[in-house]
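What follows is a set of notes on a single structure, which appears directly below.
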Amino acid sequence: MPAIRRIPVMARPFDVQEIEQKWQRLWADEGSYEVDADDPRPSQYVLCMYPYPSGPAHQGHVRNYTFGDLLVRHRTMQGFAVLSPFGFDSFGLPAENAAIRTGTHPRTFTEERIAELKASVVALGAVYDWRRQIRSHDPSYMRWNQVIFLRLLQAGLAYRAMAPVNWCPGCQTVLANEQVLADGTCERSGDVVIQRDLEQWFFRITSYADELLADLETLDWPERVKTMQRNWVGRSEGVEFDLQVVGHGAEGGTLRVFTTRPDTSFGMTYAVVAPEHPLVDVITTDAQRSAVDEVRTAVAHITEHERMSSDIEGQTLAKRGAFTGGCVVNPFSGEQIPVYVADYVLMRYGTGAIMAVPAEDERDWDFAHAHGLPVVRTTRPPEGFDGGAWTGDGVKENSGFLDGLDITAAKERAIEWLEAEGLGRRTVNYRLRDWLVSRQRFWGCPIPIIYCPEHGAVGVPEDQLPVVAPDDVEFLPTGESPLLRHSTFRHTTCPVCGGPAERETDTMDTFVDSSWYFLRFCDPWSEDRPFDPAIAAQFMPVDQYIGGIEHAILHLLYARFYTRALIDVGLAPGIPREPFRRLFTQGMIRLDHKKMSKSKGNLVAPTKYFNTVGADALRLFHLFAGPPADDMDWSAQTDEIIQGCARFLDRVWRLTVETDAEVTWREGEQTDSDVALTRSVHRLIAKVSDDMERWSFNTSVAACMEFANDLQGYRREASAGIHRSTYDAAADALLLLLAPMTPHVTAEAWERRHGPGARLHTQSWPTYDPGLARAERVTMIVQVNGKLKDRIEVVPDISEADAIALALASERVMEELQGKVPSRIVARPPRLVNIVL
RNA sequence: GCCCGGAUGGCGGAAUGGUAGACGCGGGGGCCUCAAAAGCCCCUGUCCUUCGGGGCGUGCGGGUUCGAAUCCCGCUCCGGGCACCA
């Protein structure tokens, strides 16, 4: 019995906004993506880096959450209980700056921004288990942040030490590096910023340097992120050894240096100590004192950042430094060599002193030439080398017992000699420094410490946590934390003796908040500890972590460290030491060649798309635009492409829900074109399933578009009517495959096809028959001398002999051969035959 | 300076040693319509062509291979990271 349907005529075949709101409400009401620890399904943890709430979402968020949501929905359809939480990194400087500008309390400001961001995330159709939401400024989260701090303190992983900071004498406060202008002045007062030592809190991340480095090998992360972390940790192996000091007042003293090139020791023609090095005061002669002091003063007045830059106002690579008047003995050559101070040697790295080998180190070369110091080559440079320092490999010369060796062997020999003589030992140095967590800010998690004149730094007892900053504070543009001026917060009593004491007024770096939120997500209801380790162990590690490349180093390194620290202080027994098994870093979105961001003021809000083409079309665009890892340019053409995505969804709707022409249905035996359609359904399932696993969403979308074209062609050509079950299977498959990408329109189409209450997203991900997915006929190409000459339709399992026979029988090939005998025939059935003359 | 990426039609991109340019955007033509919109159909790298087809073509120059966008060597340009870490 042929069924006949007629098309309704309208701009779009469905009401986008109505459908999107309906399904967003349904997913929330039905708790479709809420997952509990006792869920019988195997679990998967999919997480997008929790955002700083800066207001309504921008396209960077849209892209991020589209990828994440696609994964959540896809894995759910594959039968996993997918943990998909969302939260807000809600402490941070912008809220505090807004408070100074407008007087609004940072909490009010932040919570308004959270509501806006959350609304746009929901409007995008991204689904989360909102019961688990975390906001880092919530006292319930701060409490555990502070407990963890105290446990790290007890374990010796947190400590207090003097550290150089940027200090503005005008504002009487510490500045962040970003607040110091390029010329070394304060952005607010214009005063020259100086370096000053202040007591600050640190986390001992350097204790984990080797582990953080070694375990990178086990991670399924982008290679370049791992490389960046490796460089950041900056492990270098070398040797430390002592030099005898000669000269006034220093007899019997030694100077310890660190080097990775002990093979060059015979070329050490002078030594350099950092300006802050304690030996400077001892060995500087009266004659040299003023020159040395000049260097030290200059260094004290610039930031480390500037000190590292190779050019300060015309003082180019002259290497700012001076002779101290003192000397040391090079133990290898026995010669006396001068000791200099120079700003290119850093007190905090190695021993704060180096042996200088100008012939084999570029910095030493520059310095030696600026100060007229001798150069002795110990590695023979290659023939024709006319540059300065030679840092490559070569045969050792002028090096006594090392002569004739290559540098690797010479290093070994030199270290053995130093150890045998009792002068030095092997050492490893790291570029990585301990993590300075103190921030002189209001809008952050207070460091739970009380300073007692009697008992020193005492932790606030855990039953008194959280320490929450008071609300009755005044935000002034002074640059200092209002907590400093709040006397009832600041003045308290010592938990040990009850005597008068002062609270710490610094807060924690917000990277502390984000270093364990993924663990709290596993058990956000826990009231007696940060989380239940058994539950966390069930979900951890995060199976897929998604975020921007800008967090490649700091956040990801801190989180790796923190996870280990939590395990080692006993708060997280049984959880994996690596928190993020797979990492995906999405590319950024640029507008006019600049990164799209709120601070640059070049955002394109998604709202206008939600209100017109709808969230599905915008999602489809982000998936279709190109490889997820690549940067994307938001261009004048973008809106047209988004329109094209909406057009495609209209077409999907017409193909699955409505008929746009009078249609005759039939059943019974499949015709050839019915079989062909079935085959392309199976090929499509295979293609999209594979593309999903390798994050090739743009080609998934292309395949679905191609299939929709095929489906339309099938309808057009079906003069004898449309085979009902074949067509239904095709339409259902298309909806199932698109379900994770464009969830609203597909869910609605599914319900229209299958009746009220039918749920697309609880269906299983479709499977395919490999036999049907394989093409029935394939195009075999025939080449002569590698040039394409003919195409022949063949069966996929054609034999090599048959393929060659067919190729040689081709008219086009015979023309080309002209009776000549091929010298070689390369056959790769069923893909190609290449005839070589 | 060092270390990673990348370069393909007018544009976004596809092609994991085997038909370069899938899919889409833009453009051109046609159908439908009183007309328009929407929709549908066809064409669209480039040059030559006797309309059968042929030459050229994946940043540049070499190489390996029967065959290279893909692998190797050397450049150019663009993007990113680290930049006096001894």
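Note that the coordinates shown come from a computational prediction; the quantities given were computed from them, not determined experimentally.
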Point to revise | Atom pair distance, as rounded to whole Å: CD1 in A:Ile792 and P in B:G18 | key: 20 Å
Check your understanding: Which part of the nucleic acid, if any, lies within contact of A:Gly644, taking any heavy atom under 4.0 Å across all strands shown: a base, the sugar-phosphate backbone alone, or nothing?
Key -> sugar-phosphate
Exercise for review: Assign A:Ser236 to base, sugar-phosphate, or nothing according to its heavy-atom contacts below 4.0 angstrom with the strands shown.
Suggested key: sugar-phosphate
Practice item. For nucleotides B:A7 and B:G59, find the distance between their C1' atoms and express it as a whole number of Å. Key: 6 Å
**Study point:** Minimum-distance nucleotide to A:Thr699 side chain [options: B:G24, B:A14, B:C41]
**Key:** B:A14
Study note, to complete from the structure: Taken to the nearest whole Å, CG/A:Asn709 to P/B:G24 is 5 Å
Check your understanding: Hey, are A:Arg426 and A:Glu412 close enough for a salt bridge, meaning a charged N less than 4.0 Å from a carboxylate O?
Key -> yes
Review point. How about A:Glu360 and A:Thr378: does a side-chain donor come under 3.5 Å of a side-chain acceptor?
Key: yes
Exercise for review: State whether the number of non-hydrogen atoms from other residues, nucleotides or ligands found under 6.0 Å of A:Arg235 atom CZ is greater than 12.
Suggested key: yes
**Study point:** Candidate nucleotides B:A83, B:G53, B:G12, ranked by approach to the side chain of A:Phe624 - the nearest
**Key:** B:G12
Check your understanding: When all nucleic acid strands are considered with a 4.0 Å heavy-atom cut-off, which category describes A:Arg235: base, sugar-phosphate, or nothing?
Key -> nothing
Check your understanding: For the pair made of CG in A:Leu837 and P in B:C66, what is the distance, rounded to whole Å?
Key -> 15 Å
Review point. Given atom CG of A:Asn785 and atom P of B:G55, what is their separation to the nearest angstrom?
Key: 12 Å
Exercise for review: Would you kindly give the CD-to-P distance between A:Gln643 and B:G24, to the nearest whole Å?
Suggested key: 16 Å
Check your understanding: Roughly how far apart, to the nearest Å, are B:G29 and B:G13 at atom C1'?
Key -> 26 Å
**Study point:** Short N-O contact, A:Arg777 and A:Glu793, less than 4.0 angstrom
**Key:** no
Review point. Side chain of A:Asn231, base of B:C82: donor and acceptor closer than 3.5 Å?
Key: no
Exercise for review: Quote, to the nearest angstrom, the P distance that separates B:C82 from B:C72.
Suggested key: 27 Å
Check your understanding: Under 4.0 Å between a Lys/Arg side-chain N and an Asp/Glu carboxylate O for A:Glu640 and A:Arg647?
Key -> no
Exercise for review: Give A:Arg791 one of three labels, base, sugar-phosphate or nothing, depending on what nucleic acid heavy atoms sit under 4.0 Å from its own.
Suggested key: base
Exercise for review: Using a heavy-atom cut-off of under 4.0 Å over every strand shown, decide if A:Gln783 touches base, sugar-phosphate, or nothing.
Suggested key: base
Practice item. Name the residue closer to the 5' end of RNA chain B, choosing between A:Asp630 and A:Arg831 according to the nucleotide with the nearest heavy atom. Key: A:Asp630
Check your understanding: Base, sugar-phosphate, or nothing: which does A:Val826 touch, judged by heavy atoms less than 4.0 Å apart?
Key -> base
Exercise for review: Look at the side chain of A:Arg828 and the base of B:G18, then say whether one donor and one acceptor between them are separated by less than 3.5 Å.
Suggested key: yes
Check your understanding: With nearest nucleotides of RNA chain B determined for A:Cys645 and A:Thr259 from heavy-atom distances, which residue corresponds to the more 5′ nucleotide?
Key -> A:Cys645
Check your understanding: Looking for any heavy atom pair under 4.0 Å, which part of the strands does A:Glu640 touch: base, sugar-phosphate only, or nothing?
Key -> sugar-phosphate
Revision key, fill the gap. Considering only heavy side-chain atoms of A:Asn834, the closest of B:G18, B:G26, B:G79 is B:G18
Review point. Looking at B:C23, does its base get a donor-acceptor pair with the side chain of A:Glu706 below 3.5 Å?
Key: no
